[in-house]
Protein chains: 2
Amino acid sequence: MVVSLKDIAARAGVSLSTVSNVVNGYRPVGEETRVRVQSAIDELGYAPNLSARHLRLGRTGIIALAIPELDNPYFAELAGAAIREATSQGYTLVMEDTAGSYEHELSMIDNSRRQIVDGLIFSPVAVSREDVLARPPATPMVLIGEGVYDVPHDHIAIDNIAASHVAVQHLVSLDRYRIAFIGAQAGDHRQSAHLRLRGYREALAGAGLPWDPALAAPTTAFGRADGLMAMRDLLARTQPPDAVFAYNDLVAIGAMRAVAEAGLRIPEDVAVIGIDDIEEGRFSNPTLTTISPDKEHIGRLAVQSLVARIEGKPVEPPYDVQPPFRLVTRESTLGGQRPVRT
Amino acid sequence: MVVSLKDIAARAGVSLSTVSNVVNGYRPVGEETRVRVQSAIDELGYAPNLSARHLRLGRTGIIALAIPELDNPYFAELAGAAIREATSQGYTLVMEDTAGSYEHELSMIDNSRRQIVDGLIFSPVAVSREDVLARPPATPMVLIGEGVYDVPHDHIAIDNIAASHVAVQHLVSLDRYRIAFIGAQAGDHRQSAHLRLRGYREALAGAGLPWDPALAAPTTAFGRADGLMAMRDLLARTQPPDAVFAYNDLVAIGAMRAVAEAGLRIPEDVAVIGIDDIEEGRFSNPTLTTISPDKEHIGRLAVQSLVARIEGKPVEPPYDVQPPFRLVTRESTLGGQRPVRT
DNA sequence: ATCGGGCTCTATAACGTTATACAGGCGACT
DNA sequence: AGTCGCCTGTATAACGTTATAGAGCCCGAT
């Protein structure tokens with residue numbers, strides 16, 4: 001049977017309000033009665049009814065994490081960290097899979113789901129800056145990833161340009177001259193790949209390498225299949241690349257598969273680097289060199305800043321956080337000369 | 001501002017109860033007033049307060065999906081299907097990552113979290129049949145995967161023995177004679193690997209092959225790293241296997257990595273087959289032959305049967321469902337003679 | 001002595017819903 | 001004509017919680 005404040009009150013011989021005060025400490029309670037109430041709680045096994053509490057407080061204790069694809073290991077690993085942090089802060093986290101579709105993403109920032117949720121952590125890919133600006137959310141929102149910039153919300157994303165520099169410079173340091181980029185976006189409203197492409201171009205220029213538009217391969221999405229097809233195209237050129245910087249690890253893995261199917265060697269013929277450091281890249285053949293963002297940090301920070309907004313702690317302006325990242329070198333650029341897993 | 005039934009009632013000039021009846025159709029409402037109320041709802045943009053509704057109804061509309069690891073792509077893909085089905089049934093699904101730990105799994109079937117959840121879909125790995133029997137849950141529970149059998153709960157899992165037969169028979173059809181199994185479990189209370197191991201042994205016997213305990217490699221968990229280490233051990237034997245049936249695709253991928261590191265060829269020296277059909281195996285080098293369970297089907301069915309229990313539709317006894325599966329052959333057993341992706 | 005003010009505790013009004021009980025009106029059947 | 005029953009609509013009591021207002025009581029200060 002389900003036990004409520006009333007039952008505890010009856011058992012301990014005190015009023016309902018006193019029990020409530022013991023439970024959540026709003027008003028001090030005399031020592032003697034406190035222990036009597038507490039033991040009644042323990043005996044009967046009381047747990048507060050969250051629906052009632054939320055109705056009373058006007059909050060639900062639920063936050064949503066909306067990501068483009070749950071089956072992308074990067075997001076799965078990120079979600080793990082976010083779930084742990086949310087739980088430890090007393091919130092429940094629900095995940096929404098937008099599938100990267102424009103309509104689905106719009107429905108996230110419309111007010112429809114907001115009735116049930118205290119706040120939203122959102123990783124946009126399809127939605128534009130204007131879409132976000134046009135829909136001031138009813139509850140706090142934190143943006144993660146590289147989708148939308150310059151909007152009045154907290155934003156957590158690695159410095160994509162700097163990360164791209166590091167990636168390209170690594171390839172340059174291996175004496176590669178025809179370095180391709182896979183994951184250039186045709187559509188205007190996806191700023192994510194934009195930044196990585198820009199970092200790629202800047203790094204090329206910094207190394208004194210020419211910018212060849214034919215080496216910037218567009219993709220429609222960022223999965224393994226996209227990397228595979230783009231790489232096939234690149235290899236069919238008269239002057240194929242000798243290195244590839246992929247938008248993310250999934251794309252890189254697709255690209256590596258295309259190289260293998262073409263009968264070429266990695267990294268001798270083509271070196272490959274990605275971004276994300278998903279576990280898959282530590283066991284692939286060859287293992288994948290990558291830029292590793294601190295996913296645990298990102299997930300935790302996203303929840304923490306959202307909760308801070310929800311509970312109205314500091315009324316500071318929206319801030320941009322750039323979590324740390326590092327280069328992890330593996331076989332796909334260094335060959336067998338290196339320890340295999342890191 | 002937030003709009004409630006009261007606002008709609010005032011706007012439409014009717015009572016609160018009438019608006020409620022328009023919204024959820026408990027009692028019929030005259031046509032004329034219905035349209036007046038409906039247009040008031042549309043104008044003011046009313047959405048029911050779920051906390052209040054749940055408090056009144058005694059249900060929260062939330063179901064939990066507890067899985068051992070969110071970063072296992074198999075569960076990520078399964079969770080996607082479950083989330084979609086739950087949403088379409090008007091429920092919100094929250095995910096719990098038990099990390100496969102015994103304590104965490106116990107806390108799932110204890111009553112602690114049940115205050116907030118109408119029901120639980122649970123994929124146990126560490127918990128035993130007796131643990132489950134000793135804790136009759138306060139809310140409905142559906143089990144998925146191969147953890148625990150013969151308990152009074154709905155259970156959805158592929159026929160592991162039949163699946164193992166198919167896998168081993170496929171290897172036998174390729175004239176392999178020393179077929180190893182990776183993922184045998186030392187612990188007694190993990191029945192999952194037990195069944196697959198049993199299917200493996202039965203299939204060997206059916207093919208007239210001897211049972212060699214040295215070829216059944218135990219692992220502590222079921223990740224890529226476990227497959228890698230087990231395979232290293234197997235390859236170090238004086239008589240290494242010429243084929244491997246792995247507990248799941250992740251283990252298989254780790255095993256393939258070990259084979260590559262040893263400088264051996266797949267499938268010429270060692271053929272590899274897994275279970276799960278995760279996307280990773282369609283792009284690995286080589287691509288991975290696997291047993292493909294219908295994940296979409298499993299996820300949807302789990303939610304459907306849980307919701308049926310929650311809403312008390314049919315009071316039938318707990319039932320066991322065995323969703324379909326199929327063999328998907330790829331390079332890791334057939335080599336390059338086959339279409340690459342399916 | 002009397003009053004002000006901590007200190008404990010209590011009664012109660014919300015929060016927004018849904019289901020029950022009830023009221024009035026109108027047609028149909030005895 | 002009277003009664004029964006249906007149809008439409010309303011008033012209201014919960015569901016379990018938290019915050020506000022306030023009721024006693026005892027001690028120190030006026």
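Below, each value reflects all heavy atoms present in this structure, side chains not excepted, and no hydrogens, waters or symmetry copies. Lettering follows sequence order; numbering is per chain, from 1.
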Using only heavy-atom distances, determine whether the side chains of [X] and [Y] contain a donor-acceptor pair under 3.5 Å.
X	Y	answer
D131(A)	S128(A)	yes
T60(B)	D118(B)	yes
Q89(B)	Q304(B)	no
S17(B)	S20(B)	no

Q: Answer yes or no: is there a donor N or O on one side and an acceptor on the other, between the side chain of T18(B) and the main chain of V14(B), under 3.5 Å?
A: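 Such a contact is absent between T18(B) side chain and V14(B) backbone.
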Q.
Quick one: does any side-chain atom of S101(B) pair with a main-chain N or O of H104(B) as donor and acceptor, under 3.5 Å?
A.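 Indeed, once roles are kept as given, a pair shorter than 3.5 Å links the two residues.
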Q: List in numerical order all residues of residues 13-29 of chain A for which some heavy atom is under 4.0 Å away from an atom belonging to DNA chain D.
A: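 Here the set is L16(A), S17(A), S20(A), N24(A), Y26(A), R27(A).
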Q) Among residues 32-40 of chain A, which residues get a heavy atom nearer than 4.0 Å to DNA chain D? A)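 By residue number: none to list.
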Q: Test Q322(B) against I158(B) for side-chain contact (heavy atoms from CB on, under 4.5 Å), laying out the working first.
A: CA-CA 5 Å; Q322(B) 299 190 326; I158(B) 63 168; 6.0 Å; no
Q: Applying side chain to side chain contact (heavy atoms under 4.5 Å, CB included), name anything that partners E31(B), two or more places apart in sequence or on another chain.
A: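 Checked E31(B) against side chain to side chain contact (heavy atoms under 4.5 Å, CB included); matches are R34(B), V35(B).
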Between [N] atom [atom2] and [X] atom [atom1], what is the distance in whole Å?
X	N	atom1	atom2	value
L50(B)	dC15(D)	CG	C1'	16 Å
R59(B)	dT17(C)	CZ	P	17 Å
D7(A)	dC15(D)	CG	C1'	13 Å
K6(A)	dA13(D)	NZ	C1'	12 Å
N49(B)	dC15(C)	CG	C1'	8 Å
L5(A)	dA19(D)	CG	P	12 Å

Q. If you round to the nearest 0.5 Å, how far is CG of D154(A) from CE of M141(A)?
A.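 Reported value, rounded in 0.5 Å steps: 10.0 Å.
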Q.
By the salt bridge (Lys or Arg N to Asp or Glu O under 4.0 Å) test, which pairs, at least two apart or in different chains, include something from residues 40-53 of chain A?
A.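 Of all non-adjacent pairs touching residues 40-53 of chain A, those that pass salt bridge (Lys or Arg N to Asp or Glu O under 4.0 Å) are R11(A)-E43(A).
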Q: With sequence neighbours excluded, tell me which residues meet salt bridge (charged side-chain N to carboxylate O under 4.0 Å, His left out) with R36(B).
A: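 Residues passing salt bridge (charged side-chain N to carboxylate O under 4.0 Å, His left out) with R36(B): none at all.
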Q) Which residue, L57(A) or L55(B), contacts DNA chain D at a nucleotide closer to its 5' end, judged by nearest heavy atom? A)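 Going by which nucleotide is closer to the 5' end, it is L55(B).
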Nucleotide N/O of nucleotides 24-26 of chain C paired with protein N/O under 3.5 Å:
none

